[in-house]
Each structure stands twice: as structure tokens, then as C-alpha cells.
Amino acid sequence: MDVSNILASHAAKFQSVTVEKETPLDVDTGFLTVTDLTPIDEDSYKSNLEEYLQTTARDGIQALIAALYGLPTKPSPDGSLAQLPAPTTQLPRAKPLPKPKPPTKWERFAAAKGIQKRVREKKVWDEERQEWVNRWGKDGKNKEKEEQWIHEVKADAPVDHDPVKAARDARTSRVAKNERQRLQNNARAQTAAGDREERKKDIEKTLAASQISTASMGRFDKKLEGEKKLRGVKRKFEATETSVEQEKQASLAVLSKLDGDIKRARKEKGDGDGILNVRKAIRNVSKGKGGVALARDANRKGAKGKRGGKR
């Protein structure tokens, strides 16, 4: 019985696992990507777009799977896993390369003297305890002199000399010195990086604060050559004579502010009597003059109205 026709028809239903193209596919198993550099066939692309895209995607996936089966594997609870190699495609950076930090004062000195950087271990061996202890921090070796039960005191030491306090002060002074050096390195790095405008603003703020730190607010202090005059807050006074519309708007603004304060007080304290702050309301209406001045102004306005009526 000749079954060649049956086998041929069955094989025609499935495509070959070997992908052959005029331009070989670029397979990067490290990124699990396939790049097809074959030019697009315009006739196939325009006649049946969906079929063309499916065929192209199928060839790429088939080439990637074939490459993955050729990689070494390692066992795992979920089955065999392929060990991916390093990627070969060079991807561009999203941001520019960071600028190298300028060397610190110690790094410049070490480079000039040829001193190699040595990383100090975080743990040190304690002969007394016969165990490894922290060099710094909690139960650190640097606090050994503060926590020991006996101290050696010099013969010429004062009577009130406290060796524990002296050791603690020496340690805190070293910490403060390291912090000061770190801040100086940061300041030098900012200057080298061109961040002078920010430092200039900080210096101007500090100078302004020092100029008004005296009892006379700097009025009788000597001025340096080229020192700028401080700019104060310019007070703005309202005009003594305004139109009826402007006066109406000002009164409505005061009322809306009072209404807002009442609503805010109700939210905080709940509904009830005594919510309106009468003193604050009088102060806002009289523009800080007080209730007596407000009554005097009202009497004056009433007298003017009567006098105008007599005319």
C-alpha cells in the first residue's frame, strides 16, 4: 500500500522547524528577541496583511525556540531551565551617563602619595570576650574606653576629671570632625560641578539674616564696600477715597471671610452658640482700629448724612 500521498498531505499541513531566509535572522537569546532584516514583500503585504504578519512572527518565534533548545539547561523544581547567555544587542541609555564625582581632599592626597585604599572590616576580634564585635555602632569597639570598669588617670589630672566623659568627648569630636569634612567635600564638589548659583543664594540669605541680627536691626552697623541694601516688604495702603462699588466689594469680602470662618469653626467644634468671634469681626471691619474707632466713624458718617439732608 502506497501511503506517500497521505504522508505528503500530512506534512503539507505543518511547516518546517528549520527557518531559512535570504537574510538570516538575528537571534539574541539574552534578551529573547529576534530581528528580521529581510525586506518586506510588498505584494504579499498588500494582498493579505494578516497572513503575512503571522508568517513573519511564526518564523521569528520558531528561530528563537530552536536557539533556546540549543542552550545548556539546569534542573529546577519546575523542570529544566535554559541558562541564557549575556545579551549581544547594545541598547541605548534612557539618560546620559552620570558625571564622575570630583575627588575629595583625601583622595587627591592619597593619589599624590600613592596610598592604596583599604576597606576596613565591620567586625574586629575582641581578645577579652574571645568573639567578633562591631567596630562601630551598638556595643562597638570604639566605645571600649567608655565602658571599661577601670581607667588609668594621670598623676597631674584635676580632681574632677572624669575619664568616661573624656573618652566620650574624644569620640564625639572625631564624629563631628568627620561630618565637617564630609560637608566640606560636598561643598567643594558642588563648586566644581558648577552649582555656584545655589551657594550664592545661600550666602546672600545668611548675610541678610546677619545684617538684621543686631538690636538696631542693622541700622547703625557699618556697611561693607559693595554691600547691597536689603529690600524690605513694601507696605501697601488703600486709598482714603474710593468709589461706591469698591467699598461694596470690600464689605462683601469681609462678610465672606467671616462666613468662611464661621463654617470652619462649625466643622471643627460642631453646631452651637458662641461660634462668631465678635472681637475678630470688629477688628476685620475696622481694619485693626477697634470697636471705639468704628463707633466714632459711624457717628461721623451719620452726622454728615444729617447735615446733608438739611441742605
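Along the sequence shown, residues carry numbers from 1. None of the values given here were measured: they were computed from a predicted structure.
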Heavy atoms of other groups near Glu179 CD, more than 12 under 6.0 Å: yes
Heavy atoms from other residues, nucleotides or ligands near CZ of Arg93 exceed 12 (cutoff 6.0 Å): yes
Going by heavy atoms in the side chains, are [X] and [Y] under 4.5 Å from each other?
{"X": "Val34", "Y": "Asp26", "result": "no"}
{"X": "Thr29", "Y": "Leu71", "result": "yes"}
{"X": "Trp132", "Y": "Asp126", "result": "no"}
{"X": "Phe31", "Y": "Leu91", "result": "yes"}
{"X": "Thr35", "Y": "Leu25", "result": "no"}
{"X": "Glu131", "Y": "Val133", "result": "yes"}
{"X": "Lys74", "Y": "Gln83", "result": "yes"}

Criterion side-chain contact (heavy atoms from CB on, under 4.5 Å) on Asn185 and Lys105, from CA distance to verdict: CA-CA 7 Å; Asn185 290 331; Lys105 187 177 180 180; 4.3 Å; yes
So which heavy atom on [X] is nearest to which on [Y], and how close?
{"X": "Pro39", "Y": "Thr23", "result": "CD-OG1, 4.5 Å"}
{"X": "Arg135", "Y": "Arg120", "result": "NH1-NH2, 3.0 Å"}
{"X": "Thr73", "Y": "Ser80", "result": "CB-CB, 4.3 Å"}

Is the backbone N or O of [Y] less than 3.5 Å from a side-chain atom of [X], with the two atoms forming a donor-acceptor pair by type?
{"X": "Glu107", "Y": "Thr104", "result": "yes"}
{"X": "Arg171", "Y": "Lys143", "result": "no"}
{"X": "Arg108", "Y": "Pro103", "result": "yes"}
{"X": "Gln130", "Y": "Glu127", "result": "yes"}

Ser76 versus Asp78, side-chain donor and acceptor atoms under 3.5 Å: no
Residue pair Asn134 / Lys123, side-chain donor-acceptor N/O under 3.5 Å: yes
Evaluation steps, side-chain contact (heavy atoms from CB on, under 4.5 Å), between Val27 and Thr33: CA-CA 6 Å; Val27 181; Thr33 58; over 6 Å; no
Value rounded to 0.5 Å, distance of [atom1] in [X] from [atom2] in [Y]:
{"X": "Asn48", "Y": "Asp43", "atom1": "CG", "atom2": "CG", "result": "12.5 Å"}
{"X": "Thr56", "Y": "Asp41", "atom1": "OG1", "atom2": "CG", "result": "9.5 Å"}
{"X": "Ile61", "Y": "Leu32", "atom1": "CD1", "atom2": "CG", "result": "9.5 Å"}
{"X": "Thr172", "Y": "Lys177", "atom1": "OG1", "atom2": "NZ", "result": "13.5 Å"}
{"X": "Glu51", "Y": "Arg58", "atom1": "CD", "atom2": "CZ", "result": "13.0 Å"}
{"X": "Ser256", "Y": "Gln249", "atom1": "OG", "atom2": "CD", "result": "10.0 Å"}

Verdict with reasoning, Phe109 to Ile115, per side-chain contact (heavy atoms from CB on, under 4.5 Å): CA-CA 8 Å; Phe109 175 78; Ile115 302 175; 4.0 Å; yes
Results of side chain to side chain donor-acceptor pair (under 3.5 Å) for Lys257 - residues two or more places apart only: none
Ring pair (Phe, Tyr, Trp, His ring centres under 6.0 Å) partners of Trp136, counting only residues at least two apart: none
Shared hydrophobic cluster, Leu53 / Ile40 (ILVMFWY, side-chain heavy atoms < 4.5 Å): yes
Residues that His161 engages under side chain to side chain contact (heavy atoms under 4.5 Å, CB included), provided they are two or more places apart: Val153, Ala157, Pro158, Pro163, Ala166
